[in-house]
Amino acid sequence: MATRKLHLNAFLMGVGHHEAAWRHPRAEPARIADVRHYQELARIAERGRLDSVFLADGLALWGDVGHNALGGLEPLTLLAALATVTEHIGLIATVSTTYNEPFHVARKFASLDHISGGRAGWNIVTSASEAEAHNFGVERPAHRDRYDRAAEFLEVVTKLWDSWEDGAILGDRRSGDYADTTRIHALDHVGHHFRVRGPLNTSRPPQGHPLLVQAGSSEDGKEFAARFAEAVFTAQQTLQEGREFYADLKSRLGRYGRRGDELLILPGISPIIGSTEREALLLEKELEELIIPEYGVRQLSGILGVDLSGHPLDSPLPEVPPPVDGQQSRFKLVTDLARRERLTLRELINRLAGGRGHRVVTGTPEQVADQIQKWFTGGAADGFNIMPPVLPSGLEDFVDHVVPELQVRGLFRTEYEGRTLRQNYGLARPASRFEQKAPVAS
């Protein structure tokens, strides 16, 4: 039996995940819309043999542009540019099922998969923000309605990817047959949300289906992940919480005829790395001193769905009601953290500044590797979504110092297993549901 290996994704966000990253001397905020910045990051991640890079996205201005350096490049466009300067690393983009149409999304991801030679992945979101809804002139759908639409959306997109069978393109110059039309299929999908005839006007992606990724941890989100996702980006603060989430989500796969190894669970981790523990703690302190408390309060107010601007910074978080349609899983994570560790509002803001609810691990490369190994071998993770606090330096520190430590321990690859994202994630390439089966001999 092959030894189980870690999977590592680099979550690329502007000039770093810490909310004050742009103010730090190691950051270059002027490069936040520079494609060369992201190409450099992708090459660094590929040098470390990471599985993939990931771009988050929203359909509204996020946060407070007066106090934070915000990106905004459309992720699929940007990933196509990253594909041209890399060969192996996966390219994962966030796209919403609430404010898009299945045909557009199917075609764009099929195109990225062709451009990259089979390295595309789709992070599926349902868009919880009211601001996003207002940019499309509608009211935000209810939580359950968003997931209901997402399920049908996925059904249509995967049918469109399957609408061209492998081998449909013949390119037979002698006969004049470019394609075998018996292997190209209309969908004639008629559902509650969509009517789509098909077929797709792009041939089948190299991976069959680009990798399906999901990030919601609510009950609806976990059920959606168990049904569709092949990788899950998640956030837990403690090892026990990680184990419980891991066991819960894996246990749901059987009802959809899936095995546990068909879905990878990748918690987020923001590593603050120093050559000594003191050096790492000093970097953490430098970043905390750059936090603007008023900005942090507004960010936290947005997460919790309640205005905290009048609450004293050095008092505990007040009791707040859970959201009905907002970010339910992140609300629970943040309020549980505040209660468990008895944090003041100021302390909670500082804790969230590094990873918005994801774990921040501060220490030497060996100490960071220890934490990764503990979760990986302790039944809490199949790998990690790496969120460097400052970019590019934080990613360089991880690739040049933590990755070699993980390789020495036999936990992480030294060379890529294949050329596609699925091959490197150890996931099968799905066959087209329309594929013609050879007759069984009697």
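The basis for the numbers below is simple: all heavy atoms, side chains too, and nothing from hydrogens, waters or symmetry mates. From a predicted model like this one, the values you see are computed outputs, not experimental measurements.
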Could you check whether any side-chain N or O of [X] sits under 3.5 Å from a backbone N or O of [Y], counting only pairs where one atom can act as donor and the other as acceptor?
| X | Y | result |
| --- | --- | --- |
| His209 | Val157 | no |
| Arg429 | Pro206 | yes |
| Thr94 | Leu55 | yes |
| Trp161 | Ala106 | yes |
| Glu28 | Ala30 | no |
| His114 | Arg204 | yes |
| Trp122 | Pro210 | no |
| Glu277 | Gly363 | no |
| Glu132 | Leu59 | yes |
| Glu230 | Leu427 | no |

If you look at every heavy atom in [X] and [Y], which pair is closest and at what distance?
| X | Y | answer |
| --- | --- | --- |
| Pro392 | Ile44 | CB-CD1, 4.1 Å |
| Arg149 | Glu101 | NH2-OE2, 4.0 Å |
| Leu308 | Leu317 | CD1-CD1, 4.0 Å |
| Arg258 | Ala226 | NH1-O, 2.9 Å |
| Ala229 | Leu263 | O-CD1, 3.3 Å |
| Val361 | Ile269 | CG2-CD1, 3.5 Å |

Rounded at 0.5 Å granularity, tell me how far [atom1] in [X] sits from [atom2] in [Y].
| X | Y | atom1 | atom2 | answer |
| --- | --- | --- | --- | --- |
| Leu343 | Leu352 | CG | CG | 8.5 Å |
| Leu411 | Ile372 | CG | CD1 | 9.0 Å |
| Glu19 | Asn350 | CD | CG | 8.5 Å |
| Leu160 | His104 | CG | NE2 | 11.5 Å |
| Glu288 | Ile349 | CD | CD1 | 11.5 Å |
| Leu406 | His401 | CG | NE2 | 13.5 Å |

### Task
Just do the side chain to side chain donor-acceptor pair (under 3.5 Å) check on Thr158 and Arg433 with the steps written out, would you?
CA-CA 9 Å; Thr158 53; Arg433 72 197 67 201; 2.9 Å; yes
Quick check: do [X] and [Y] have side-chain heavy atoms less than 4.5 Å from each other?
| X | Y | value |
| --- | --- | --- |
| Glu417 | Gln423 | no |
| Phe245 | Val232 | yes |
| Glu286 | Arg26 | no |
| Trp164 | Thr202 | no |
| His17 | His358 | no |
| Asp148 | His192 | yes |
| Leu421 | Gln207 | yes |
| Phe228 | Gln214 | no |

Side-chain ion pair, [X] and [Y], N-O less than 4.0 Å:
| X | Y | answer |
| --- | --- | --- |
| Arg252 | Asp248 | yes |
| Glu289 | Lys285 | yes |
| Arg340 | Asp336 | no |

### Message
So, using side chain to side chain donor-acceptor pair (under 3.5 Å) as the criterion, who are the partners of Asn135 when residues are at least two apart?
### Response
none
### Task
Answer with yes or no after comparing the ring centroid distance for His193 and Phe153 against a 6.0 Å cut-off, counting only values under it.
no
#### Entry: Stepwise salt bridge (charged side-chain N to carboxylate O under 4.0 Å, His left out) test for Arg359 and Glu241
CA-CA 12 Å; Arg359 288 177 69 230; Glu241 288 173 348; over 6 Å; no
### Query
In terms of side-chain heavy atoms, does Asp307 have a donor or acceptor partner in Ser309 at a distance below 3.5 Å?
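Checked: Asp307/Ser309 side chains pair up, N/O donor to acceptor below 3.5 Å.
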### Query
Just checking, is any N or O donor in the side chain of Thr98 or Ser127 under 3.5 Å from an acceptor N or O on the other one?
no
### Message
One pair to check against salt bridge (charged side-chain N to carboxylate O under 4.0 Å, His left out): Lys159 and Glu155. What are the steps and the verdict?
### Response
CA-CA 6 Å; Lys159 282 181 179 178; Glu155 178 187 355; 3.2 Å; yes
### Task
Evaluate the criterion side chain to side chain donor-acceptor pair (under 3.5 Å) for residue pair Gln371 and Gln367; output intermediate values, then yes/no.
CA-CA 6 Å; Gln371 288 297 309; Gln367 289 171 324; over 6 Å; no
### Task
Evaluate the criterion ring-ring contact (aromatic ring centres under 6.0 Å, His included) for residue pair His189 and Phe194; output intermediate values, then yes/no.
CA-CA 7 Å; His189 175 91; Phe194 306 108; 7.2 Å; no
Acceptor/donor pairs from residues 380-389 side chains to any protein atom, 3.5 angstrom cut, sequence neighbours excluded:
{"from": "Asp382", "atom 1": "OD1", "to": "Arg4", "atom 2": "NH2", "distance (Å)": "3.1"}
{"from": "Asp382", "atom 1": "OD1", "to": "Tyr246", "atom 2": "OH", "distance (Å)": "2.7"}
{"from": "Asp382", "atom 1": "OD2", "to": "Lys250", "atom 2": "NZ", "distance (Å)": "3.1"}
{"from": "Asp382", "atom 1": "OD2", "to": "Ile265", "atom 2": "N", "distance (Å)": "2.9"}
{"from": "Asn385", "atom 1": "OD1", "to": "Asn9", "atom 2": "ND2", "distance (Å)": "2.4"}

List the atom pairs, donor and acceptor, that lie under 3.5 Å between side-chain atoms in residues 80-90 and the rest of the protein, sequence neighbours left out.
{"from": "Thr84", "atom 1": "OG1", "to": "Ala81", "atom 2": "O", "distance (Å)": "2.7"}
{"from": "Thr86", "atom 1": "OG1", "to": "Leu82", "atom 2": "O", "distance (Å)": "2.9"}
{"from": "Thr86", "atom 1": "OG1", "to": "Arg119", "atom 2": "NH1", "distance (Å)": "2.8"}

### Query
When you look at Arg197 and Asp188, which way does the side chain to side chain contact (heavy atoms under 4.5 Å, CB included) test go after all the steps?
CA-CA 4 Å; Arg197 183 176 184 274; Asp188 295 320; 3.6 Å; yes
### Message
One pair to check against salt bridge (charged side-chain N to carboxylate O under 4.0 Å, His left out): Arg298 and Glu294. What are the steps and the verdict?
### Response
CA-CA 6 Å; Arg298 287 195 292 273; Glu294 295 80 7; over 6 Å; no
#### Entry: salt bridge (charged side-chain N to carboxylate O under 4.0 Å, His left out) evaluation trace for Arg43 with Glu46
CA-CA 5 Å; Arg43 285 192 291 259; Glu46 187 167 71; over 6 Å; no
### Query
Should we say atom CZ of Arg413 is surrounded by more than 12 heavy atoms from elsewhere, each under 6.0 Å from it?
yes
### Query
Taking everything shown except Arg36 itself, do over 12 heavy atoms lie less than 6.0 Å from its CZ?
no
